[in-house]
Amino acid sequence: MAVSVALLLELGVILTVLTVLGTLARRFALSPIPLYLLAGLALGNGGIAPVPAAGEFVSTGATIGVVLLLLTLGLEFSIAEFAASMRHHLPSAGVDLVLNATPGAIAGVLLGLDAVGILAMAGITFISSSGVIARLLNDLRRLGNRETPAVLSVLVLEDFAMAAYLPLLAVLAAGGGWWEALLWMVVALVALGGAFTASYRWGHHVGRLIAHPDDEQLLLRILGLTLIVAALAEHLHASAAVGAFLVGLTLTGDTAQRARTVLGPLRDLFAAVFFLAIGFAVDPADLVPMLPAAIALAVVTAATKVLTGAYAARRDGVARPGQIRAGTALIARGEFSLVIIGLAGTTVAAIGPIATPYVFVLAILGPLLTRFAK
């Protein structure tokens, strides 16, 4: 088997850079996410030190990273408790949709976009980044906080909304009709609802099938099942992250505890690659022309996300400091917004110049505001 010297060298450089940045962030008690994003910007195409040989690895590793982040997040909760929390937070999802999709839609109208472009901008400003927020909660040791179930309920309900939204947008962006788009939306929602119901009713059997005294076997079984479920969820135009989260919810007790232990180092490695990949996907030259407008939109939608999180946390009886922590935790945008830009950007060229810097600004600003939220 031939070994790519360039690939090995570039991966070594990337991991060394991430090590230095991570150490620097930890010294100041910060999450390393913003620094990883900036490193991706510098090392990607158009950056100051591109690493083309490592591009495919970073792209693939990013997919695995977000799956592992949501899998390990699901391991912290039981599916029965989380299902009850989601039902309780359906009003929070409605507030989230109104407060955060509306600014994007208005921006689309002001930019003179067509219906597809307005729909895309609404989705870009609506959806928070599950991957960034999952890592952020872990970095800041807030998984046990009272406001965290509210934050996670809003995130998962957003991902469920994406199961309806992405097929709709994909068909319309490809030139399909509204009836065809609505049909695929219904199919995706039914499939995802069936998967969640199956996990709720029969998920406890999964733990018994996966459990094994050998750590290697446990790791392989969990990863194999998670990637299969994530692939099925993605195929149905739902989120691979939601599929992974459902697998994590079904594992409880000693199996969940051991799974967190064996998955931890792997999750941290690929999570770093995931944040790097967000920066990789952005050409620095694309950030400059519409940056002022993007910052203005970012300020508005950061405020509306804070209101969303505060409302959701207040429904759980959380005090004002927890409400602010919940709101700032939801600010970051990331992988879903970039997917939407990719879907609509080919047919609506005006989206990319404003949406790309918008996503990048909030991907960096969100973790910083969350860290210093009181």
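- Closest non-hydrogen pair, A363 versus P367, comes out as O-CD, 3.0 Å.
- Residues L137 and I133 have side chains in contact (heavy-atom distance under 4.5 Å, counting atoms from C-beta outward).
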Show, in sequence, the C-alpha distance, side-chain angles and deciding distance for V67 and F270, and conclude whether the side-chain contact (heavy atoms from CB on, under 4.5 Å) test is met. CA-CA 9 Å; V67 165; F270 283 102; over 6 Å; no
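- Panel note: side chain T255, backbone A211; no donor-acceptor pair is recorded below 3.5 Å.
- In terms of modelled atom types and a separation under 3.5 Å, the side chain of T356 and the main chain of P353 share no donor-acceptor contact.
- Atom CD1 of I124 is separated from atom CG of L338 by 8.5 Å, given to the nearest 0.5 angstrom.
- In this structure, R267 contributes its side chain and G65 its backbone to no donor-acceptor pair below 3.5 Å.
- Under a hydrophobic-cluster definition in which Ile, Leu, Val, Met, Phe, Trp and Tyr are linked whenever side-chain heavy atoms come within less than 4.5 Å, directly or via other members, I106 and I351 are assigned to different clusters.
- Tracing side-chain contacts under 4.5 Å through hydrophobic residues (I, L, V, M, F, W, Y), one reaches M290 starting from L362; they form part of the same cluster.
- Using a 4.0 Å cut-off between a side-chain N of Lys or Arg and a carboxylate O of Asp or Glu, E158 and K305 qualify as a salt bridge.
- The shortest distance between side-chain heavy atoms of F126 and M162 falls below 4.5 Å.
- Of the possible donor and acceptor atoms, one in the side chain of T250 sits under 3.5 Å from a partner among the backbone N and O of V247.
- Separating the CZ atom in F245 from the OG atom in S130 is a distance of 9.0 Å, to the nearest 0.5 Å.
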Please walk me through it: do V151 and R142 pass side-chain contact (heavy atoms from CB on, under 4.5 Å)? CA-CA 11 Å; V151 172; R142 294 184 183 175; over 6 Å; no
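- Residues L223 and L269 share a single hydrophobic cluster, defined by chaining ILVMFWY side chains whose heavy atoms lie under 4.5 Å apart.
- Listed by chain and residue number, I354, P357, Y358 satisfy the side chain to side chain contact (heavy atoms under 4.5 Å, CB included) test with A294 (two or more places apart in sequence, or in another chain).
- Taking every heavy atom of both residues into account, L297 and P103 meet most closely at CD1-O, 4.0 Å.
- Although no hydrogens or angles enter the test, the distance criterion places no donor-acceptor pair under 3.5 Å between the side chain of N145 and the main chain of T148.
- One finds the OG atom of S129 at 5.0 Å from the CD1 atom of I278 (value rounded to the nearest 0.5 Å).
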Residue pair L291, V361: steps toward the side-chain contact (heavy atoms from CB on, under 4.5 Å) verdict: CA-CA 9 Å; L291 189 58; V361 166; 4.2 Å; yes
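- Under the 4.5 Å side-chain criterion, counting only non-hydrogen atoms from C-beta, R26 is in contact with P32.
- Annotation for R260 and L75: closest pair NH1-O, 2.7 Å, computed over non-hydrogen atoms.
- Linking ILVMFWY side-chain heavy atoms closer than 4.5 Å, directly or via other members, places V13 and L7 in a single hydrophobic cluster.
- Using a distance-only test at 3.5 Å, with no hydrogens or angles considered, a donor-acceptor pair links the side chain of Y165 to the main chain of L119.
- Annotation: side chain of L166 is in contact with side chain of I340 (closest heavy-atom distance under 4.5 Å).
- Between L71 and I222 the shortest side-chain heavy-atom distance falls below 4.5 Å.
- The salt bridge (charged side-chain N to carboxylate O under 4.0 Å, His left out) pairs that include a residue from residues 248-259 are D215-R258, where partners are two or more places apart or lie in different chains.
- In this structure, E147 contributes its side chain and Q323 its backbone to no donor-acceptor pair below 3.5 Å.
- Few gaps surround CG on L209; more than 12 heavy atoms of other groups in view lie less than 6.0 Å from it.
- There is a path of hydrophobic side-chain contacts, each under 4.5 Å, that joins I331 to L140.
- Among all heavy-atom pairs drawn from L157 and A93, the shortest one is CD1-CB, 3.9 Å.
- Contact annotation: the side chain of H89 never approaches that of V95 to less than 4.5 Å [non-hydrogen atoms, C-beta and beyond].
- Between the side chains of N100 and T304, at least one donor N or O lies within less than 3.5 Å of an accepting N or O.
- Remark: side-chain polar atoms of T226 are not paired, donor with acceptor, to backbone N or O of A244 under 3.5 angstrom.
- A distance of 12.5 Å separates CD1 in I14 from OH in Y36, rounded to the nearest 0.5 Å.
- At least one donor-acceptor pair closer than 3.5 Å links the side chain of T60 to the backbone N or O of E56.
- One finds the CG atom of D268 at 8.0 Å from the CG atom of D139 (value rounded to the nearest 0.5 Å).
- Heavy atoms only, all atoms of each residue included: A355 and I341 are closest at CB-CD1, 3.6 Å.
- Checked by atom type and distance alone, the side chain of D316 never pairs as donor or acceptor with a backbone atom of V318 at under 3.5 Å.
- Considering only heavy atoms from C-beta on, M121 comes within 4.5 Å of L113 through its side chain.
- Side-chain atoms of S92 and T308, non-hydrogen and from C-beta on, never get closer than 4.5 Å to each other.
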Verdict with supporting geometry, L73 and L69, side-chain contact (heavy atoms from CB on, under 4.5 Å): CA-CA 6 Å; L73 191 61; L69 280 167; over 6 Å; no
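- Looking at every heavy atom in both residues, P265 comes nearest to V262 through CD-O, 4.0 Å.
- The line from CG of L266 to CG of L219 is 6.5 Å long, rounded to the nearest 0.5 Å.
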